[in-house]
Amino acid sequence: MNRFSDRLTAVGLRLRHAKTEVLQINVGKLCNLTCTHCHVNAGPKRKEIMTRETIDRIIDWLAKTEIPIVDLTGGAPEMIPDFRYFIERVKALQPSRHVIDRCNLTILLEPGYEDLAEFLAKKKVEIIASMPCYSPKNVNAQRGEGVFEGSIAALKVLNRLGYGVAGDLALHLVYNPVGAFLPAPQAELETDYKRELATHFGIVFNRLYTITNLPIARFAAYLRHNNKLEEYMELLISAFNQATVDGLMCRNTISVGWRGEVYDCDFNQQLDMQWANPDESGLFLWDVDPDKIDDREIMTGDHCFGCTAGAGSSCGGALVE
Ligand code: SF4
Ligand code: SF4
């Protein structure tokens, strides 16, 4: 039973891929943190990381397209050995192509990564950084002891390099709830974050994105453990907002896994909902004809209610006011 698909049908909507604007690449599950809300089950012991051979195949495919945005995520994407090589190759194809690094901030201070922030600034890579709260208590509870302090120190480094200050060095923060509830309105939270981070730490940034936790992977386990999974699903379903459907990120994104497999979004990726050939074998990016994916039907499931609840949710934050 797919209650999400039933709900779309009930309101006369179909979810189809439109023009691809973003190639989002999940380069692996390796991470220096183990956050409770992580939908990737990432952590320091994970071995799944993208090889250089896969990166080269992705670059060859990208070279045949005009997709303007490459969005690198993980895990901590910076931890794969070829992270810088990947960015250099994307930029060499077309310097104006926009690259995003989804960064957990603390990695920028880890031994061996001290010059990474400078590299990102030099390459004009946009940084979208997780920061689930402006108070140490909530951040450390969700992400681990000391993560708040590390994140603040990293934000100061980024500000010093011009991130969040200079026009061409965008620094956006991501808020996600620390429990089984929907995010507060994005604009209000952004105002609070800007005030608190500036007043207490002298930190500035561009935009705050609110992202709803989807009930999958580690967050689903956390909900199950606390007997809240059904309650949370009911909350998401009852908050379904059909005005969000048009802007869902799966409509303009192709999501690629660490082996090059293809999905509609990073959440479907974690649920192994890989694009498939008619014989049901899985599709890899290099099997896909970039000119033939418009209007492709998007694979959905109950977890999709997390993207359509309230103001909606995507990798770029809320979808409607
Ligand atoms: S949420 Fe991000 S920073 Fe936290 S464990 Fe997962 S990938 Fe790492
Ligand atoms: S989880 Fe969200 S982005 Fe992914 S397919 Fe469902 S609605 Fe689209």
Side-chain angles (χ1 to χ4, degrees), residues 17-31 39-42 46-103 107 116 119-120 122-128 249-299 315:
H17 195 82
K19 188 170 185 282
T20 307
E21 304 284 349
V22 183
L23 186 67
Q24 187 176 66
I25 304 159
N26 192 318
V27 297
K29 298 178 193 292
L30 182 62
C31 188
H39 72 269
V40 183
N41 283 344
R46 300 301 301 251
K47 303 272 183 264
E48 303 89 335
I49 50 171
M50 189 171 276
T51 62
R52 184 171 286 212
E53 189 195 352
T54 303
I55 291 173
D56 288 341
R57 295 189 82 174
I58 291 172
I59 294 290
D60 290 346
W61 186 89
L62 187 63
K64 293 182 284 188
T65 80
E66 292 298 322
I67 296 173
I69 301 171
V70 173
D71 183 343
L72 299 176
T73 187
E78 306 86 353
M79 289 179 81
I80 68 160
D82 288 314
F83 175 72
R84 296 179 200 214
Y85 170 81
F86 203 160
I87 291 173
E88 270 160 358
R89 289 225 50 203
V90 171
K91 286 289 185 182
L93 278 184
Q94 201 179 322
S96 62
R97 200 170 244 134
H98 195 69
V99 179
I100 298 172
D101 174 31
R102 293 193 179 262
C103 178
I107 190 66
L116 186 63
F119 169 82
L120 294 169
K122 199 166 139 220
K123 297 290 173 191
K124 307 276 182 242
V125 173
E126 174 180 322
I127 294 182
I128 301 185
M249 64 181 174
C250 45
R251 299 202 61 234
N252 74 348
T253 301
I254 298 177
S255 164
V256 182
W258 65 277
R259 288 157 299 167
E261 20 18 305
V262 188
Y263 309 85
D264 291 303
C265 71
D266 201 52
F267 302 115
N268 283 8
Q269 183 172 148
Q270 307 319 320
L271 293 168
D272 285 330
M273 294 165 69
Q274 188 176 353
W275 288 10
N277 289 300
D279 67 359
E280 296 191 357
S281 59
L283 273 170
F284 290 78
L285 188 65
W286 37 89
D287 302 324
V288 172
D289 181 342
D291 297 324
K292 292 198 179 141
I293 41 187
D294 290 9
D295 212 38
R296 191 191 153 89
E297 185 144 16
I298 290 166
M299 296 159 85
C315 283

Measure across [X] and [Y] and return the closest heavy-atom pair with its distance rounded to 0.1 Å.
X    : Y    : result
K91  : K124 : NZ-O, 4.4 Å
N26  : M50  : O-CE, 4.3 Å
C31  : G75  : CB-CA, 4.0 Å
P290 : V288 : CD-O, 3.3 Å
H17  : T253 : CE1-O, 3.2 Å
V40  : R46  : O-NH1, 4.1 Å

Verdict with reasoning, D289 to I293, per side-chain contact (heavy atoms from CB on, under 4.5 Å): CA-CA 7 Å; D289 181 342; I293 41 187; over 6 Å; no
I'd like to know if the side chain of [X] and the backbone of [Y] have a donor-acceptor N/O pair within less than 3.5 Å.
X    : Y    : value
E261 : R259 : yes
R296 : D264 : no
R102 : C315 : yes

Given the rule in the side-chain contact (heavy atoms from CB on, under 4.5 Å) test, do E78 and D101 qualify, once you have shown the distances and angles that lead to the verdict? CA-CA 8 Å; E78 306 86 353; D101 174 31; 2.8 Å; yes
Under the criterion side-chain contact (heavy atoms from CB on, under 4.5 Å), which of V22, I69, I127, V125 is the partner of I100? I69
When you check the side-chain N and O atoms of Q269 and S255, is any donor under 3.5 Å from an acceptor?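 Their side chains do contain a donor-acceptor pair, which is all the 3.5 Å distance test asks for.
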Determine, stepwise, if the pair L30 / W258 fulfils side-chain contact (heavy atoms from CB on, under 4.5 Å). CA-CA 11 Å; L30 182 62; W258 65 277; over 6 Å; no
Using the ring-ring contact (aromatic ring centres under 6.0 Å, His included) rule, collect all pairs that involve residues 266-292, keeping only residues at least two apart or in two chains.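 Non-adjacent pairs meeting ring-ring contact (aromatic ring centres under 6.0 Å, His included): H39-F267, F284-W286.
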The criterion is side-chain contact (heavy atoms from CB on, under 4.5 Å); which residues satisfy it with N277, sequence neighbours excluded?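 Counting only residues at least two positions away or on another chain, N277 forms a side-chain contact (heavy atoms from CB on, under 4.5 Å) with D279, S281, L283.
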Can you name the side-chain contact (heavy atoms from CB on, under 4.5 Å) partners of L93, sequence neighbours left out?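 Applying side-chain contact (heavy atoms from CB on, under 4.5 Å) to L93 gives I59, L62, A63, R97.
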Close side-chain approach of K123 to E88, heavy-atom, < 4.5 Å: yes
When you compare the side chain of L23 with that of L285, does any pair of heavy atoms fall below 4.5 Å?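 In short, these two side chains touch, coming nearer than 4.5 Å.
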CD of E66: more than 12 outside heavy atoms within 6.0 angstrom?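 Check fails, neighbour count at 12 or below.
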I'd like to know whether F86 forms a side-chain contact (heavy atoms from CB on, under 4.5 Å) with V99, so could you lay out the CA-CA distance, the side-chain angles of the two residues, the decisive distance to 0.1 Å, and finally the verdict. CA-CA 10 Å; F86 203 160; V99 179; over 6 Å; no
